[in-house]
There are 2 protein chains.
Amino acid sequence: MYRAAVPGPVQSIERAAAILRLLAARSGRLGLVEISASLDLAKGTVHGILRTLQSVGFVEQDPTSGKYQLGAALLHLGSSYLDVNELRARALNWSDALAARTGEAVRVGTSMDSRVLIVHHVFRPDESLQTLEVGNLLPAHACALGKVLLAYGPAPTRAQASQPLEGFTRVTVVDRRALTQELGRVREQGWSQEVEEWQPGEAAVAAPIRAYGGLAVGAIEVRGAVERLCDYHRQPKTEHVTRVREAARAISRELGAARW
Amino acid sequence: MYRAAVPGPVQSIERAAAILRLLAARSGRLGLVEISASLDLAKGTVHGILRTLQSVGFVEQDPTSGKYQLGAALLHLGSSYLDVNELRARALNWSDALAARTGEAVRVGTSMDSRVLIVHHVFRPDESLQTLEVGNLLPAHACALGKVLLAYGPAPTRAQASQPLEGFTRVTVVDRRALTQELGRVREQGWSQEVEEWQPGEAAVAAPIRAYGGLAVGAIEVRGAVERLCDYHRQPKTEHVTRVREAARAISRELGAARW
DNA sequence: AACAGGGGTCGGCATTGTCGAACGACGCTC
DNA sequence: GAGCGTCGTTCGACAATGCCGACCCCTGTT
């Protein structure tokens with residue numbers, strides 16, 4: 001039997017986490033056999049794990065259909081994570097001001113599993129209906145936040161670099177070499193942009209939030225309609241770039257100061 | 001050795017969940033020995049679980065201090081839970097309207113471990129700064145949401161009924177018998193109130209959201225300053241009570257209709 | 001009425017996680 | 001600055017633990 005390199009990754013916990021991820025990915029309820037088939041585990045095994053997860057409130061079971069879904073306890077854990085998260089805490093003050101000054105929505109994100117996790121979101125300051133995106137996961141290569149995180153984060157692993165890039169609009173960067181080139185440009189100029197590469201009609205500008213050592217621990221972006229955020233060359237307006245970069249620097253300073 | 005009544009609650013997963021709860025309760029970072037002492041487990045055991053939780057992103061370790069805290073993956077799971085949660089989905093439409101009509105903040109909650117979990121929160125429609133309370137856990141006996149859930153939920157277990165009620169202000173109901181009496185009144189009138197029992201200066205009115213069978217699966221409340229929400233007898237204004245009850249009934253109907 | 005498909009249960013086996021002691025690093029005190 | 005205490009981490013042995021796969025029951029369908 002294969003023996004793990006590092007000792008003691010608790011198998012059942014890994015499996016439980018895989019089940020939770022599966023339930024989160026397929027938004028909706030999943031049956032026992034679906035889960036056991038997806039993870040290639042025996043039904044009985046999955047059932048035992050599910051019952052345990054249910055008893056601690058991490059999953060719930062629909063009594064009529066018998067299907068499983070995520071449980072309420074996770075919501076509380078997630079919000080507790082936000083309370084502890086230092087990046088978010090430091091970004092709170094500055095992002096409000098940034099949204100007010102630019103008149104656009106502001107989002108703060110961090111890297112997770114080569115995707116971008118939104119940890120803070122300030123609505124565009126107008127009366128329009130907007131949905132809170134905190135907790136959402138975005139593909140890194142298709143949004144301004146992600147590009148900055150890729151550019152200033154650790155180098156991608158072999159496995160990551162060989163995965164194809166998914167396209168979302170006609171201008172999403174799907175060519176790996178083109179992306180590498182753009183990330184170089186991002187490093188040179190110190191900020192990233194994204195014009196209709198994720199959502200049609202939307203553009204964004206992002207800058208890195210760096211902790212001691214220079215590695216990016218997060219990013220902050222301003223996002224809004226292309227016609228407001230960009231000039232007539234479809235390039236982000238300089239004032240927005242400047243303001244995002246200022247906010248990012250301010251937060252970086254606070255993060256550094258808090259620990260050193 | 002004690003043998004569990006139902007077979008197969010996976011021990012390591014229960015322990016992992018206990019660790020996560022501990023990390024959530026003590027907001028902040030915890031050391032390995034603190035955790036192992038709190039749960040009365042061997043250091044090595046806790047370490048193995050923590051490493052596994054870390055590898056799946058449920059906890060993070062501060063590289064400088066070595067202490068552990070909740071991880072980013074939980075945020076995503078929590079927000080995924082919100083996506084699936086049917087109570088919240090149905091409440092979305094009605095709570096916005098309720099907030100607009102009453103001019104006050106609206107919250108929707110559900111029962112969890114004999115406390116109240118906030119699953120939706122609409123800010124009071126003015127420019128004041130408010131913090132999102134989704135994911136927060138409140139004591140059931142001290143808020144309007146909780147009283148409704150207690151009144152229309154399953155009867156409390158022996159263990160629950162013998163726990164003392166914590167006081168938060170001078171008027172918090174801390175006497176178990178007084179609470180029972182008030183819950184009876186809530187059942188009679190179909191709604192609950194709370195005047196400065198949780199936060200000084202704040203009052204709230206709540207009504208039950210019931211699924212098929214009549215059991216409350218959630219509750220919705222309007223919350224605001226006492227002087228706005230109540231009349232000069234410090235009783236909630238009738239118009240607010242009516243509106244909350246209407247919203248609750250509408251959501252209940254949708255929930256029932258969705259399944260039957 | 002028979003069948004298919006779902007969730008749930010059970011007991012035996014060996015894999016798996018647990019324990020406790022020992023290690024190395026750090027920081028504090030004297 | 002040497003010693004001590006504390007903390008996170010590693011390791012190996014043991015056996016308790018959780019895993020597997022066959023079996024059961026129920027519901028809905030053909």
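In the text below, chain A, chain B and the rest are named by the order of the sequence lines, each starting its count at 1. Because only heavy atoms are used, hydrogens play no part in the values below, and waters and symmetry mates are left out as well, while side chains stay in.
B:His47 has a side-chain polar atom (N or O) that falls below the 4.0 Å cut-off from OP1 or OP2 of D:dT9. Put simply, B:Arg51 has a side-chain N or O that comes within less than 4.0 Å of OP1 or OP2 on D:dT10. Residue A:Tyr68 has a polar side-chain atom (N or O) positioned under 4.0 Å from OP1 or OP2 of C:dG8. Regarding contacts with the backbone of C:dG8, every side-chain N or O of A:Gln54 stays at 4.0 angstrom or more from both OP1 and OP2.
Here the P atom of nucleotide C:dG7 and the CG atom of A:Asp62 are 12 Å apart, to the nearest Å. Separating the CG atom of A:Leu50 from the C1' atom of C:dG8 is a distance of 12 Å, rounded to the nearest angstrom. Whole-Å rounding puts the A:Ile49 CD1 to C:dG8 C1' distance at 15 Å. If you measure from atom NZ of A:Lys43 to atom P of D:dC24, you get 13 Å, rounded to the nearest angstrom. One can place CZ of B:Arg29 at 14 Å from P of D:dG8, the figure rounded to the nearest angstrom. What separates CG of B:Leu41 from P of D:dG8 is a distance of 15 Å, to the nearest Å. Between the CD1 atom of B:Ile35 and the C1' atom of D:dC7 there is a distance of 12 Å, rounded to whole Å. One atom, NZ of B:Lys67, and another, P of C:dG27, lie 13 Å apart when rounded to the nearest Å.
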Query - Test side chain to side chain donor-acceptor pair (under 3.5 Å) applied to A:Ser65 and A:Asp62, step by step - result: CA-CA 6 Å; A:Ser65 70; A:Asp62 185 11; 3.1 Å; yes

Query raised in the report: Is there a side chain to side chain donor-acceptor pair (under 3.5 Å) between B:Trp94 and B:Glu254 once you walk through the steps?
Result: CA-CA 11 Å; B:Trp94 299 96; B:Glu254 276 201 23; 3.0 Å; yes

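Across all strands shown, A:Glu34 has no heavy atoms under 4.0 Å from either base or sugar-phosphate atoms. Counting non-hydrogen atoms under 4.0 angstrom, B:Ser12 reaches the backbone sugars and phosphates but no base.
Candidate nucleotides D:dG8, C:dC19, C:dG7 were compared by shortest atom distance to the side chain of B:Thr45, and C:dC19 ranks first. Distance from the side chain of A:Gln11 is smallest for C:dG17 among the nucleotides D:dC20, C:dT9, C:dG17. The side chain of B:Val10 sits closest to D:dG18 out of C:dT9, D:dT9, D:dG18. Counting only heavy atoms from C-beta on, B:Val33 has its side chain closest to D:dC7 among D:dC20, C:dC19, D:dC7.
Closest-nucleotide positions on DNA chain D for B:Ser65 and B:Ile13 were compared, and the one nearer the 5' end corresponds to B:Ser65. Heavy-atom nearest nucleotides on DNA chain C were determined for B:Val46 and for A:Leu32, and the one closer to the 5' end corresponds to A:Leu32. Nearest-nucleotide positions on DNA chain C for B:Arg15 and A:Gly44 put A:Gly44 closer to the 5' end.
A gap of 16 Å separates the C1' atoms of D:dT17 and D:dA13, to the nearest Å. Rounded to the nearest Å, the gap between the P atom of C:dT15 and that of C:dG11 is 22 Å.
A distance of 10.0 Å separates OG of A:Ser80 from CG of B:Leu20, quoted to the nearest 0.5 Å. Going from atom CD of A:Gln11 over to atom OG1 of B:Thr52 covers 10.5 Å, rounded to the nearest 0.5 Å. From B:Ile220, atom CD1 reaches atom CD1 of B:Ile251 across 4.0 Å, with rounding to the nearest 0.5 Å.
From one end of the helix from C:dT16-D:dA15 to C:dC30-D:dG1 to the other, with five pairs defining each end axis, the axis direction shifts by 0° (rounded to 10°).
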Side chains of residues 66-76 of chain B: which donor-acceptor pairs under 3.5 Å do they make with residues two or more places apart or in other chains?
| residue | atom | partner | partner atom | Å |
| --- | --- | --- | --- | --- |
| B:Tyr68 | OH | B:Gln61 | NE2 | 3.3 |
| B:Gln69 | OE1 | B:Arg29 | NH1 | 2.1 |

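Summarising the geometry of B:Ala207 relative to B:Val148, their closest heavy-atom pair is C-CG1, 3.8 Å, with the distance given to 0.1 Å.
Under a cut-off of 6.0 angstrom, the local environment of CH2 in A:Trp198 is crowded, with over 12 non-hydrogen atoms contributed by other residues, nucleotides or ligands.
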